[in-house]
Amino acid sequence: MRIEGDAPILLSNGNPGEAGAGFAEWHDPWPKPAYLFALVAGDLVAHRGAFTTRSGREVALNIWVRRGDEDKCAFALESLKKAMAWDEEVYGREYDLDVFNIVAVDDFNMGAMENKGLNIFNSAAVLASPETATDANFERIEGIIAHEYFHNWTGNRITCRDWFQLCLKEGLTVYRDAQFTADMRSAAVKRIADVITLRARQFREDAGPLAHPVRPSSFVEINNFYTATVYEKGAELIGMLRTLVGDDAYFRALDLYFTRHDGHAATVEDWLKVFEDTTGRDLSQFKRWYTDAGTPRLQVTDDWQDGRYTIHFEQKTPPTPGQDEKPPRVIPIAVGLLGPNGDEVVETTVLEMTETRQSFSFEGLGARPIPSILRGFSAPVIVERQTSDAERAFLLAHDTDPFNRWEAGRALARAGLMATLRQGAAPDPLYLDAIARMAGDESLDPAFRALALDLPGEDELAQALFDAGDSPRPAGDLDGARGAARGPRRGDEVPRARALRPPPGQRPLPPRRRTVGRPRAGQRRAGHSQPARRRRGGANAIRAGRQHDAAACGPFLPRPGRSRRRGGAGVS
């Protein structure tokens, strides 16, 4: 590629070649589809760095911005280096060019785009400084930088045969960036945040007139592909597949995928075939997740007799436009059992449901256990099960799975707020006692406490009221109920929360990077945002002053704004 022009900076894909007054040459040694081509000409300045790959090659790193913005690129550059190292250590993917360029300008009309070797960003997804950016800004920048970089292998080196396969490159890359964030920060918080967004956006999409499969069979115009179903649900399918086959088989299948399809335009069938060839499994039933729209409902009952505890499941997916009949799908259901004293009597076990109705029994138990069902949100389904506030409080206090612990607390808070709104009931002591213990539990990740102690928002309460056949109340009533739920115990916790705040003006420390690597052979995890690395003992605290503040104060602080998941039309 030879570029001629008057602009001082002339950039394109690949490695730089000869350059001079009014021209620049670029050579890209790797084949790519036309949508990855990019050309940039302008008056830009670079924030520069370098990265040495595991094979010893030095890669020049440049973030090109308008003059005056170069002092806001340091965090983005460090995020890029972390992503490059993580992809080498976890997936064995080394960068393949001599230079990696990012261009960030205000008037780019999308969030970011993974053009080969020359990523184009809106400046909001790159520029940040500790004086003005929040923790959420930093996390968003780190995640988007990683997402676009990871596309170098899952999207660029292996691309899509056609746009109907978009879920393959985007679902896999969203999954990979979720793993990255889980390793860089808090795996539990990342998983919970992703599920909150999935339920708010994708579940509603699946329940409405625009419901469509993860791999659509038709479209009206190209933007129809850029949906929460294609991106977020597409990532959930990758996580489910990993849960079903196990960590070791997952990474062996990925190695085969990169070897077999490097330089190719792949399909969902190609993707599933590498897993079939690696594991010997028949994944034809799993493929229904790609072809059938809708969110399965999972009805759960249980019984107990003579030391045997049995869980009964029934799956049903409501009709969606053009798809009235829904055959059963394979659903990985991660389950753990807790004894009456709170001890875990059965560790996380993945139950593989393949029929419309199926039961699973656990033998030799001394007392009726409390089930922890769908740990890690191991499948994008809606669980329907009759449970009590006492059971929710028990799980909130004792469950070893962070997601289900949060889920129990959320359901308990929602039930209490509903009772306040509908009957004028006082705040539930079970909930107030539980959140007081949560606020004082220093063994918990501060970021997890901040999320677990937060109350359901107005939109969630309004939906719950509507589902219960009641009219949603004005926002003032909802705010009043949430204020009451913060409860009289706020006086006990606020002094301690204030004591934990960092001194005024103290800068937040960046989240520490933890050693990453592939999990041990045979190790299984439920939930796709579990760390990709081998897990270490102990909670991982996010070392950031503002998040520490939020964790310390929990529900006693004003409710922060809800973060929006990347994907859709904003990030490619």
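Remember, predicted model here, so these are calculated numbers, not experimental data.
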Working note: Ile333 + Ile373, criterion side-chain contact (heavy atoms from CB on, under 4.5 Å); need CA distance, chi angles, decisive distance, verdict.
CA-CA 7 Å; Ile333 307 169; Ile373 298 171; 4.1 Å; yes
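- Put simply, the side chain of Ile311 reaches to within 4.5 Å of the side chain of Val300, judged on heavy atoms.
- In summary, Arg252 and Asp255 do not engage in a salt bridge, as defined by a charged side-chain N under 4.0 Å from a carboxylate O.
- Other residues, nucleotides and ligands place more than 12 heavy atoms under 6.0 Å from the CZ atom of Arg297.
- Ring pair Trp406/Phe403 is tilted by interplanar angle, where 30° to 60° counts as tilted.
- Partner of Arg375 under the salt bridge (charged side-chain N to carboxylate O under 4.0 Å, His left out) criterion, out of Glu344, Glu347, Glu407: Glu344 alone.
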Passes salt bridge (charged side-chain N to carboxylate O under 4.0 Å, His left out), Asp277 versus Arg260? Steps please.
CA-CA 12 Å; Asp277 291 348; Arg260 180 181 289 178; 3.0 Å; yes
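- Between Thr243 and Tyr250 there is no side-chain heavy-atom pair separated by less than 4.5 Å.
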Pair Tyr309, Val346 - check side-chain contact (heavy atoms from CB on, under 4.5 Å), show working.
CA-CA 11 Å; Tyr309 177 71; Val346 175; over 6 Å; no
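- For the residue pair Val245 and Arg281, the shortest heavy atom distance occurs at CG1-CD, 4.0 Å.
- Aromatic ring pairs are classed by plane angle as parallel below 30°, tilted from 30° to 60° and perpendicular above 60°; the pair Trp86 and Tyr91 is tilted.
- Shortest non-hydrogen contact noted between Gly234 and Val214 is CA-CG1, 3.8 Å.
- Looking at Thr154 and Arg176, their side chains come closer than 4.5 Å, going by heavy atoms from C-beta outward.
- Taking the ring centre of Tyr290 as origin, the terminal cationic atom of Arg215 falls outside the region bounded by 6.0 Å and 45° from the ring axis.
- When ring centroids are compared, Phe275 and Tyr257 stay outside the 6.0 Å threshold.
- Proximity of Leu172 to Trp271: side-chain heavy atoms (C-beta onward) are separated by under 4.5 Å at one or more points.
- For the ring pair (Phe, Tyr, Trp, His ring centres under 6.0 Å) test, no residue two or more places apart in sequence or in another chain qualifies with Phe203.
- By the 30° and 60° cut-offs, the orientation of the rings of His398 relative to Phe394 is tilted.
- A tilted orientation is assigned to the rings of Tyr226 and Trp163, their planes being inclined by 30° to 60°.
- Annotation: side chain of Gln179 is not in contact with side chain of Lys190 (no heavy-atom distance under 4.5 Å).
- Here Lys316 does not pair with Glu384 in a salt bridge; the nearest charged N to carboxylate O distance is not below 4.0 Å.
- Counting heavy atoms from C-beta on, the side chains of Trp289 and Lys233 come closer than 4.5 Å.
- Other residues, nucleotides and ligands place no more than 12 heavy atoms under 6.0 Å from the CD atom of Gln386.
- Ring geometry, Phe180 versus Phe150: the interplanar angle exceeds 60°, so the pair is classed perpendicular (tilted spans 30 to 60°).
- Looking at Val330 and Glu352, their side chains come closer than 4.5 Å, going by heavy atoms from C-beta outward.
- In this pair, His147 and His151 present their aromatic rings perpendicular. The plane angle is above 60°, beyond the 30 to 60° band.
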